[in-house]
Amino acid sequence: MMKKQSELYMEISTPVDFNFMECLVHLGRSSQENLYRVQNARVTKVLKLNNELVLFHMTPVKGALRLAFPLGAPTASNSELVRAYVEDWFDLQTDLQDFYAMAQTDSLLSALVQQYRGLRVIGVPDLFEALVWAVMGQQINLTFAYTLKKRFVESYGESLIYEEERYWTFPSPEKIALLSVTDLRALQLTGRKAEYILGIALAMTNGTLSKEQLLQEQDMERSLLEIRGIGAWSANYVMMKCLHSQTAFPLADVGLHNALKVQLNMERKPTQVEITKFAEKWRGWEAYATFYLWRSLL
DNA sequence: TCCCAGGACCGTG
DNA sequence: CACGGTCATGGG
């Protein structure tokens with residue numbers, strides 16, 4: 001049945017300090033990314049919502065993001081889920097005024113916030129995806145991490161084809177929970193990481209771990225650290241990318257170290273003690289400070 | 001070939 | 001509690 005064209009569109013208003021093109025720089029950082037596609041100023045993605053694959057793309061318009069559903073308008077319920085996903089993904093609910101005010105007084109951040117103004121923390125709204133991605137990225141270079149994710153997604157995700165390109169959903173914990181260590185070893189994950197991922201999938205399947213639950217925790221970090229395979233770095237990474245914690249701070253992050261080394265024109269990477277000292281000024285905005293520093297490496 | 005990579009776990013002292 | 005060995009493989 002034909003729908004009126006107006007029903008195939010939806011607009012999400014964006015905050016003042018929002019620059020879609022800056023966000024696209026982050027989104028476009030890996031040519032191996034297969035969970036969305038960036039073409040010019042358009043991002044296309046598919047989500048599985050209420051047991052249905054929903055494809056949408058978004059483009060910036062004045063003061064808003066325009067979402068379009070080229071394969072057909074979703075149900076009212078699903079279109080609201082897409083809206084929520086996008087707001088979550090681009091962190092549209094956070095007011096950055098205080099961050100920018102703080103950053104202006106910090107010699108380390110002042111140039112970065114001017115250069116990248118409007119960049120938001122690009123999130124990973126799906127908790128399972130955030131946790132798995134954190135585990136995959138541990139102790140290996142980012143290029144290889146993307147290779148692993150690509151294999152994982154294309155082995156166990158769902159997909160559809162639009163304009164001759166295939167779009168993938170991230171695998172569900174239910175599907176992964178049925179696998180064995182051997183299955184994941186075949187993707188060249190280490191045995192240990194395979195165990196971690198299976199454990200996370202199982203915990204999310206049997207209901208002992210969920211995003212809703214974590215968001216209600218007084219101490220999200222402590223809860224995350226109880227998960228096997230999630231240490232301080234991963235816990236803070238997930239808090240920053242999935243749980244919208246502004247104070248999350250992956251202190252041990254190699255990318256953070258490299259960015260600081262460059263920004264401070266150092267011969268060596270700073271120690272964690274030195275980083276803790278710099279971060280004192282960022283109190284309350286550690287996640288954004290980290291994200292802007294990461295951005296400086298692209 | 002060597003060192004490093006968006007670490008975490010586990011055993012030892 | 002701090003330290004170091006171990007995992008395990010690709011990228012540059």
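Values in this document were obtained by computation on a predicted structure and should not be read as measured data. Only heavy atoms go into these numbers, but all of them, side chains included; no hydrogens, no water, no symmetry mates. In the text below, chain A, chain B and the rest are named by the order of the sequence lines, each starting its count at 1.
At C:dT9, none of the side-chain N or O atoms of A:Thr190 fall inside 4.0 Å of OP1 or OP2 (strictly under the cut-off). Taking side-chain N and O atoms only, A:Arg228 has no distance below 4.0 Å to OP1 or OP2 of B:dG7. The phosphate of C:dT6 has neither OP1 nor OP2 within less than 4.0 Å of any side-chain N or O from A:Lys193.
For the pair A:Asp253 CG and B:dA8 P, the interatomic distance rounds to 10 Å; values are reported in whole Å. In this structure, the CG atom of A:Leu189 is 14 Å from the C1' atom of B:dG7, given to the nearest Å. Spacing between atom CZ of A:Phe144 and atom P of C:dG12 amounts to 13 Å, rounded to whole angstrom units. When the P atom of B:dC9 is taken as reference, atom OH of A:Tyr196 falls 5 Å away, rounded to whole Å. One atom, CZ of A:Arg185, and another, P of C:dC7, lie 11 Å apart when rounded to the nearest Å. Rounded to a whole Å, the CD1 atom of A:Ile197 is 13 Å from the P atom of B:dC9.
Where A:Gln139 and A:Thr143 meet DNA chain C, the nucleotide closest to each residue was compared, and A:Gln139 sits on the side nearer the 5' end.
Taking only distance into account, the side chain of A:Gln138 never meets the base of B:dA8 through a donor-acceptor pair shorter than 3.5 Å.
Side chain of A:Val254, nearest nucleotide from C:dG10, C:dT6, B:dG7: B:dG7. Ranking C:dT9, B:dA5, B:dA8 by closeness to the A:Ser234 side chain, first place goes to B:dA8.
With salt bridges taken as basic N to acidic carboxylate O contacts below 4.0 Å, none links A:Glu174 and A:Lys48.
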After noting the C-alpha distance and the side-chain angles of A:Arg268 and A:Glu274, does the key distance pass the salt bridge (Lys or Arg N to Asp or Glu O under 4.0 Å) rule? CA-CA 12 Å; A:Arg268 56 170 177 80; A:Glu274 291 171 321; 2.9 Å; yes

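Within 4.0 Å of A:Ala145, counting heavy atoms only, lies no atom of the nucleic acid at all. Looking at heavy-atom distances under 4.0 Å, A:Ile230 makes contact with sugar-phosphate atoms alone, never a base.
For the 3.5 Å distance criterion, the side chains of A:Thr75 and A:Asn50 fail to qualify, holding no donor opposite an acceptor.
The closest side-chain heavy-atom distance from A:Gln213 to A:Thr208 is not below 4.5 Å.
Ring-centre distance between A:Tyr156 and A:Trp168: not below the 6.0 Å cut-off.
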